[in-house]
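Structure first, commentary second.
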Amino acid sequence: MRLLLWLLLFSATPALAHGGHGHELGWTLDPLLTVPLGLSLLIYLTGWSRLSKRASTPIRPALFLAGWLVLALSLTSPLHEAGERSFTMHMIEHELIMLVATLLLAVSGAGGVLAWGLPRPFRQALAGSWKSPLQSLWRRLTEPVAATIVQGAVMWVWHATLLFDRALDSFGWHVAQHACFFSSSLLFWWAMIHPRRGSGYGVSAACLFATSLIGGALGALMSLSSSPWYADYAAMGMTGIGLDPVNDQRLAGLIMWIPGGAFHGIAAIIVVYKWLRSSEAGHAALPVH
């Protein structure tokens, strides 16, 4: 999973810094984006081919490929350039990445497949003791509470006016923002669906409900604001979807508030259901005296 995080993080970061306001919407096919995306897909398919000949159970790539496709389309389709002209479209792009793509990638459990897709020297290097400190850090960050704090902090800090304006104006800052959104959400979903035995699904469910409130509060502030927060969008006069900057921001905030909050809420209900099912199975397995 750590390998998946680094490969796809490198793939996802460049795209948000491209595009402009003065031309027709088109596809973003910059090699800085398409080459890493294509490389990550090639590595996965290579690993899948190798493991399919060895594994006793079939490897099902549908979840990874679906997540990869959502990520690739979010970053390369005209939706990306539309986000340069409308905060609402920008928000849709981010929600697709942070809610849909990263969830599918986390659920796919593709780390082992990606490792098998690497050349032998790289696979051997992955088995070295050098990564022990990284494994310890990974275990701490993938505790559900820690992952929730990290994602909530990333979400709020990067939507602060100063940082978001910098991200809109600077390639480097935009890459950093995108890297933080992608990596924190992938980390978050991994922690939610792979809880430790000590914490279990109950903590994951509570963290998902908390995240729905954290993101919902930020979206509510955007939608209820009477002035645009970000200078680039405020300067447009009329955004690319035919709304003035205030209403464009309000719509973007509603998307984060309602669908975004509902997504986490539904995920929490599913986790609670799994928690109850596992508890019932545990009780049924107890010996009767």
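Because the structure is a prediction, the values reported are computed rather than measured.
- A distance of 9.0 Å separates CG in Leu51 from OH in Tyr44, rounded to the nearest 0.5 Å.
- Hydrophobic clustering (side-chain heavy atoms under 4.5 Å, transitive across Ile, Leu, Val, Met, Phe, Trp, Tyr) keeps Leu213 apart from Trp156.
- Listed here is the closest heavy atom pair of Val272 and Ala205: CG2-CB, 3.5 Å.
- Residue Gly261 comes nearest to Ser212 through the heavy atom pair O-CB, 3.4 Å, listed as atom of the first residue, atom of the second, then distance.
- Here the side chain of Thr148 pairs a donor or acceptor atom with the backbone of Pro144 at under 3.5 angstrom.
- For Ala101 against Gly67, the heavy-atom pair with the smallest separation is CB-O, 3.7 Å.
- The side-chain heavy atoms of Leu79 and Leu73, taken from C-beta on, include no pair separated by under 4.5 Å.
- For residues 235-245, the pairs satisfying side chain to side chain donor-acceptor pair (under 3.5 Å) are Asp244-Asn247, with sequence neighbours left out.
- The hydrophobic cluster containing Ile266 does not contain Phe209, counting ILVMFWY residues as joined when their side-chain heavy atoms lie under 4.5 angstrom apart, directly or transitively.
- Side chains of Gln151 and Met98 form a contact here, defined as non-hydrogen atoms less than 4.5 Å apart.
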Practice item. Just do the ring-ring contact (aromatic ring centres under 6.0 Å, His included) check on His159 and Phe181 with the steps written out, would you? Key: CA-CA 11 Å; His159 281 93; Phe181 283 157; 5.6 Å; yes
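- Using a 4.5 Å cut-off between side-chain heavy atoms of Ile, Leu, Val, Met, Phe, Trp and Tyr, with links allowed through other members, Val35 and Trp68 fall into different hydrophobic clusters.
- Put simply, the side chain of Ser226 does not reach to within 4.5 Å of the side chain of Val246, judged on heavy atoms.
- For Trp173, the side chain to side chain donor-acceptor pair (under 3.5 Å) test picks out no residue, with sequence neighbours left out.
- Other members of the cluster containing Met238 do not exist, because no ILVMFWY side chain is joined to it at under 4.5 Å.
- Residues passing the side chain to side chain donor-acceptor pair (under 3.5 Å) test with Trp257, sequence neighbours excluded: none.
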Exercise for review: Please step through side chain to side chain contact (heavy atoms under 4.5 Å, CB included) for the pair Phe64 and Leu105, ending with a clear verdict.
Suggested key: CA-CA 5 Å; Phe64 177 87; Leu105 293 170; 3.7 Å; yes
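- We find the CZ-NE2 distance between Phe87 and His94 to be 9.0 Å, quoted to the nearest 0.5 Å.
- Between Phe164 and Tyr233, the ring planes are tilted. Angles from 30° to 60° get that label.
- Closest approach of Ser204 to Met192, counting heavy atoms only: OG-O, 3.2 Å.
- Placement of Met256 and Leu254 in two distinct hydrophobic clusters is found when ILVMFWY residues are connected by side-chain heavy-atom separations under 4.5 Å, directly or transitively.
- With hydrophobic clusters built from ILVMFWY side chains whose heavy atoms lie under 4.5 angstrom apart, Leu114 shares a cluster with Leu39.
- Enclosure of atom CH2 in Trp229 by more than 12 non-hydrogen atoms of other residues, nucleotides or ligands within 6.0 angstrom is indicated.
- Checked against side chain to side chain donor-acceptor pair (under 3.5 Å), Thr161 has no partners two or more places apart in sequence or in another chain.
- Within the model, atoms CG of Leu187 and CZ of Phe182 stand 11.5 Å from one another, a figure rounded to the nearest 0.5 Å.
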Exercise for review: Show your reasoning for whether side chain to side chain contact (heavy atoms under 4.5 Å, CB included) applies to Leu65 and Leu41.
Suggested key: CA-CA 8 Å; Leu65 295 178; Leu41 180 60; 3.6 Å; yes
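- Between Glu95 and Pro259, every side-chain heavy-atom pair lies at or beyond the 4.5 Å cut-off.
- Going from atom CG of Leu63 over to atom CG of Leu103 covers 9.0 Å, rounded to the nearest 0.5 Å.
- A distance of 5.0 Å separates NE2 in His264 from CG in Leu99, rounded to the nearest 0.5 Å.
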Exercise for review: Report the C-alpha distance between Thr88 and Ile92 in whole Å, list the side-chain angles of each, state the deciding distance to 0.1 Å, and finish with yes or no for side chain to side chain contact (heavy atoms under 4.5 Å, CB included).
Suggested key: CA-CA 6 Å; Thr88 294; Ile92 292 172; 4.3 Å; yes
Exercise for review: Let me see the working for Trp189 and Leu208 under side chain to side chain contact (heavy atoms under 4.5 Å, CB included), right down to the final yes or no.
Suggested key: CA-CA 9 Å; Trp189 286 115; Leu208 283 162; 3.7 Å; yes
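- Residues satisfying the side chain to side chain donor-acceptor pair (under 3.5 Å) test with Ser86, not counting sequence neighbours, are Asp248.
- Across all their heavy atoms, Leu33 and Leu75 have their closest contact at CD2-O, 3.7 Å.
- Atom OG in Ser40 sits 8.0 Å away from atom CG in Leu71 (nearest 0.5 Å).
- Shortest non-hydrogen contact noted between Thr142 and Ala191 is O-CB, 3.3 Å.
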